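Report on one structure; see the data block that follows.
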Protein chains: 2
Amino acid sequence: MTVVGQVTAQTAAAAETETAAQRARRARIISATLALASRGGFEAVQMREVAERSEVALGTLYRYFPSKIHLLVSAMASEVDVLSSRLQKRQAPGETRAERVSFVLERSTRSLQRDPLLTEAMVRAMMAADSTVGPEVAAIRQGMSDLIVQAMRNGGEAVEHDVELAAILQDVWFARQIAWLGGRMEAADVWRDIHQAITLVVPD
Amino acid sequence: MTVVGQVTAQTAAAAETETAAQRARRARIISATLALASRGGFEAVQMREVAERSEVALGTLYRYFPSKIHLLVSAMASEVDVLSSRLQKRQAPGETRAERVSFVLERSTRSLQRDPLLTEAMVRAMMAADSTVGPEVAAIRQGMSDLIVQAMRNGGEAVEHDVELAAILQDVWFARQIAWLGGRMEAADVWRDIHQAITLVVPD
DNA sequence: CCAGAAACAGGAACGTGTTCTAGTATGCCA
DNA sequence: TGGCATACTAGAACACGTTCCTGTTTCTGG
């Protein structure tokens with residue numbers, strides 16, 4: 001079973017040696033980041049502003065998160081954790097595999113679209129991530145893949161290619177979010193396209 | 001028939017009123033951009049440097065391309081034009097639809113991976129594009145979609161959902177390029193995954 | 001050919017991500 | 001407890017995308 005829950009696990013592992021004050025700083029930083037992103041999107045997350053609101057020196061902010069991209073990707077990992085734990089509370093409803101996957105991805109999509117500016121900030125950071133952010137990005141993708149695969153299997157056994165299919169759906173899902181954020185697609189069209197991809201790709 | 005050839009058509013339309021010197025400037029700018037990107041990727045494309053090499057003032061560069069993102073996306077459109085015209089010279093070989101699509105996408109993938117830094121620069125610009133770059137990005141996607149759909153149809157009639165399937169494949173294609181550029185995937189794995197997506201998604 | 005408009009050159013200036021420096025506080029080990 | 005390494009603060013400094021300003025060249029209509 002690859003379901004791991006905490007996407008931020010590797011961070012948590014390193015955090016075991018962190019003092020309480022350090023954990024508190026990290027939490028304040030992420031919290032300030034989410035607040036700023038939610039208010040004004042990617043460009044509103046300014047490092048000086050984050051530092052000030054977190055009551056942390058700029059240099060300290062950079063000690064915790066070596067770049068704005070790292071910071072926002074970490075914030076996204078934190079959000080995926082929340083979403084993931086909410087969705088894993090119970091099995092996704094639905095008779096067919098496609099129905100259950102639709103349920104999970106629709107919830108995820110709506111959850112993101114509820115806060116467009118925050119989503120814009122996080123997704124843009126994901127896309128701008130270079131190899132130095134590789135581990136964090138991989139963890140987020142793994143978390144989302146787990147969600148989809150779990151919905152497919154419905155607690156049952158693996159099905160052929162289910163992991164690969166989940167990866168394809170995740171690619172489509174991300175690409176459409178970007179198209180939406182880039183103003184090339186309406187929110188409603190995003191969900192329609194994702195749903196269509198599911199029906200085209202996921203066999204009963 | 002939606003095949004249009006020139007991705008940069010709308011630019012060309014506006015360019016009809018351009019003087020020869022202006023067309024030359026535009027060409028020098030794009031050329032300098034490609035050279036710098038090929039050498040050092042996204043970060044090596046510095047606006048001052050592009051301006052200097054193009055023998056154009058910085059303000060003039062910004063008159064032609066209102067941002068670095070516009071500049072790089074335009075450069076990509078130019079490259080897609082080249083690739084597209086090369087591939088449309090003759091029908092893609094292959095018996096099945098999947099085989100022909102594989103041929104086209106493999107050629108495209110190899111063409112990009114031959115110059116990783118240039119690809120990195122262009123793809124990162126694509127992903128960072130906001131709504132102000134919407135038209136250019138849409139043109140690039142249309143150009144690639146045409147390539148895929150044409151390979152599917154093989155000069156024949158449309159097949160159900162072929163446009164939607166082409167869009168899915170393009171999403172996967174982009175996402176895997178990004179994963180590769182982000183250091184989360186080997187070049188060989190990129191092609192293997194895309195090929196697998198084709199066989200999973202394109203029915204015979 | 002002339003006058004006005006538009007485009008261009010050259011370069012200063014600004015904003016924000018990132019780095020660096022100097023001094024101070026905090027935790028750890030003998 | 002004292003000393004030392006590490007972490008933190010405050011803020012200057014730097015890099016590059018972007019904007020703006022001033023003066024000059026080029027285009028266009030009459």
Side-chain angles (χ1 to χ4, degrees), chain A residues 14-29 32-33 36-37 39-75 120-122 124-133, chain B residues 11 14-29 32-33 36-37 39-75 120-122 124-130 132-133:
Chain A
E16 282 177 13
T17 65
E18 264 182 349
T19 177
Q22 287 174 324
R23 265 192 300 278
R25 276 193 204 94
R26 191 177 292 274
R28 285 203 308 275
I29 291 171
T33 301
L36 286 170
R39 171 104 56 89
F42 185 85
E43 69 173 7
V45 180
Q46 304 194 353
M47 300 304 268
R48 290 174 180 82
E49 183 76 15
V50 171
E52 194 172 340
R53 294 204 180 198
S54 315
E55 293 177 304
V56 146
L58 188 56
T60 304
L61 172 55
Y62 272 92
R63 171 187 297 273
Y64 281 75
F65 301 96
S67 78
K68 176 172 173 173
I69 299 301
H70 281 81
L71 174 59
L72 279 166
V73 169
S74 299
E120 183 249 10
M122 298 189 306
R124 269 181 67 178
M126 278 285 282
M127 294 304 115
D130 65 356
S131 58
T132 69
V133 208
Chain B
T11 308
E16 283 177 12
T17 65
E18 262 182 349
T19 177
Q22 287 174 323
R23 266 192 301 277
R25 275 192 204 94
R26 192 177 291 273
R28 285 204 308 276
I29 291 171
T33 301
L36 286 171
R39 173 104 55 89
F42 186 86
E43 69 174 8
V45 179
Q46 303 193 353
M47 301 303 268
R48 290 175 180 83
E49 182 77 14
V50 171
E52 194 171 340
R53 294 204 181 199
S54 315
E55 293 176 301
V56 148
L58 189 55
T60 304
L61 172 55
Y62 273 91
R63 172 186 297 272
Y64 281 76
F65 302 96
S67 78
K68 176 171 173 174
I69 299 301
H70 281 81
L71 175 58
L72 280 167
V73 169
S74 298
E120 184 249 10
M122 297 190 307
R124 270 181 66 178
M126 278 286 282
M127 294 304 118
D130 64 357
T132 69
V133 208

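Because the structure is predicted, anything quoted here is derived from the model rather than measured. Below, chain A is the first sequence line, B the second, and so on; all start at residue 1. Keep in mind that the numbers below use all heavy atoms, side chains included, and drop hydrogens, waters and symmetry copies.
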Measuring only between side-chain heavy atoms, which start at C-beta, is [X] closer than 4.5 Å to [Y]?
X      : Y      : answer
Q46(B) : L36(B) : no
V50(A) : K68(A) : no
H70(A) : Y64(A) : no

Checklist entry - Considering residues, nucleotides and ligands other than E52(B), do more than 12 of their heavy atoms fall under 6.0 Å from its CD? => result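 Result for CD/E52(B): open.
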
Next on the checklist: Please determine whether the number of non-hydrogen atoms from other residues, nucleotides or ligands lying under 6.0 Å from atom CD of E43(A) exceeds 12.
Outcome noted: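 Open: at most 12 neighbouring heavy atoms sit under 6.0 Å from CD of E43(A).
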
How close or far is atom [atom2] of [N] from atom [atom1] of [X], stated in whole angstroms?
X      : N       : atom1 : atom2 : answer
H70(B) : dG17(D) : NE2   : C1'   : 14 Å
M47(A) : dA10(D) : CE    : P     : 17 Å
K68(A) : dG15(C) : NZ    : P     : 16 Å
E43(A) : dG17(D) : CD    : P     : 17 Å
L61(B) : dC8(C)  : CG    : C1'   : 12 Å
E52(B) : dC8(C)  : CD    : P     : 19 Å
F65(B) : dT19(D) : CZ    : P     : 16 Å
R28(B) : dC8(C)  : CZ    : P     : 10 Å

Check nucleotides 6-8 of chain D for protein N or O atoms closer than 3.5 Å to its own N or O atoms and list the pairs.
residue	atom	partner	partner atom	Å
dA7(D)	OP2	R63(A)	NH1	3.1
dC8(D)	OP1	R25(A)	NH1	2.8
dC8(D)	OP1	Y64(A)	OH	2.7
dC8(D)	OP2	R63(A)	NE	3.3

Checklist entry - Which distance, rounded to the nearest 0.5 Å, do you find between the CZ of R53(A) and the CG of L61(A)? => result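 It is 13.5 Å, given to the nearest 0.5 Å.
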
Give the nucleotide from the list [options] with an atom nearest to the side chain of [X].
X      : options                   : value
Y62(B) : dT18(C), dC16(D), dT19(D) : dT19(D)
L58(B) : dT16(C), dA12(C), dT18(C) : dA12(C)
R48(B) : dC16(D), dC27(D), dG17(C) : dC16(D)

Checklist entry - Start at the 5' end of DNA chain C and walk down; is the nucleotide closest to G59(B) or to A21(A) reached first? => result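 Mapping each residue to its closest nucleotide by heavy atoms, the 5'-most match is G59(B).
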
Checklist entry - Under 4.0 angstrom, heavy atoms only, what part of the nucleic acid is V50(A) near: base, sugar-phosphate, or nothing? => result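 Since no nucleic acid heavy atom lies under 4.0 Å of V50(A), the category is nothing.
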
Checklist entry - Which heavy atom in T33(B) sits nearest to a heavy atom in A75(B), and how many Å separate them? => result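 Of all heavy-atom pairs spanning T33(B) and A75(B), the closest is CG2-CB, 4.2 Å.
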
